[in-house]
Amino acid sequence: MRLIAANWKMNKGIHEAQEYIRKLLSLLKTTEDREILICPPFTALCELKNLLKETPIKLGAQNCYYKKSGAFTGEISPPMLKELNCEYIIVGHSERRHIFGEDDELINKKLIACLEEGLRPILCVGERLEERSAGMTFKVIETQLRLALSGIEDYTDSIDIAYEPVWAIGTGVPATPEDAVSVHRFIKDLIREINPSLKGDTRILYGGSVKPSNAPEFMKFEEIEGLLVGGASLEPESFAQIVYSF
Ligand code: PEP
């Protein structure tokens, strides 16, 4: 089933989050054939845990630390997120990599910690503009994937992957659907090589300046198994349009 995920980033307090969810629920039509996920800031998770009970909308977190507990001021662990009914965790988002300096080794540890807790990670990978210009896109994606999945190759069915070219995030300039499809095919082939017994549960999502007007162009392709949406997920009306773009 395709997954349409909202990454609110550092937006919306509890009150705004409540209003958004009430509105989004009123806009939902059929939900059996698609998965809908909201990843709010940590501070709204507890409230949304209650609001989303017995609704088709799933809850996820935008980040986590890899230890279960301890002296790690300011961090949140996978068991804490599980208690809040999170089913998904975004790991390795480009803003975590490039603003907060997360490297592939840390991302690998976070993936392991999520899997140990039974949480489904959405692993983000993507090249920077200078890497794309230098013809390095596939090399960069391959390196990020091999390092992130190191030691957990057999668990790739329990992970979704978001291809998010860094230059497309928050810029209003998406990849062309055709370019995204070629990277998605590359990722699928690579994870099959990494895990030959792959059942095929790993979905490859596209993220980067998706909006209601371009979402149908992406979703036309079966290789695009979902979307990770930042800016355009902040209004329930535009997110609902993206949810029903296919
Ligand atoms: C994102 O943050 O994952 C993202 C894709 O952002 P945007 O849709 O705003 O480009």
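Keep in mind that what you see is a predicted model, and the values were worked out from it rather than measured. Whatever order the structure lists ligands and atoms in, that order sets their numbers, starting from 1.
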### Query
Do you know the tightest heavy-atom contact between Val166 and His98?
CG2-NE2, 3.8 Å
### Task
Just grab all the ring-ring contact (aromatic ring centres under 6.0 Å, His included) pairs involving residues 24-49, residues at least two apart or on different chains.
none
### Task
Please answer whether the main-chain N or O of Ala148 pairs with a side-chain N or O of Asp104 as donor and acceptor at a distance below 3.5 Å.
no
For ligand 1, list every N/O pair with the protein closer than 3.5 Å, one pair per line with the distance.
from: ligand 1; atom 1: 2 (O); to: Asn7; atom 2: ND2; distance (Å): 3.3
from: ligand 1; atom 1: 2 (O); to: Lys9; atom 2: NZ; distance (Å): 2.7
from: ligand 1; atom 1: 2 (O); to: His93; atom 2: NE2; distance (Å): 2.8
from: ligand 1; atom 1: 3 (O); to: His93; atom 2: NE2; distance (Å): 2.9
from: ligand 1; atom 1: 3 (O); to: Glu164; atom 2: OE1; distance (Å): 3.1
from: ligand 1; atom 1: 3 (O); to: Glu164; atom 2: OE2; distance (Å): 2.8
from: ligand 1; atom 1: 6 (O); to: Lys9; atom 2: NZ; distance (Å): 3.3
from: ligand 1; atom 1: 8 (O); to: Gly230; atom 2: N; distance (Å): 2.8
from: ligand 1; atom 1: 9 (O); to: Gly231; atom 2: N; distance (Å): 2.8
from: ligand 1; atom 1: 10 (O); to: Gly170; atom 2: N; distance (Å): 2.7
from: ligand 1; atom 1: 10 (O); to: Ser209; atom 2: N; distance (Å): 2.8

### Closest heavy-atom pair and its distance - Leu228, Ala162
CD2-CB, 3.9 Å
#### Entry: Sequence-distant partners of Thr176, side-chain contact (heavy atoms from CB on, under 4.5 Å), two or more places apart
Glu178, Asp179
### Query
With clusters built from Ile, Leu, Val, Met, Phe, Trp and Tyr whose side-chain heavy atoms come within less than 4.5 Å, directly or transitively, what are the remaining members of the cluster of Leu106, listed by chain and number?
Tyr65, Tyr66, Phe72
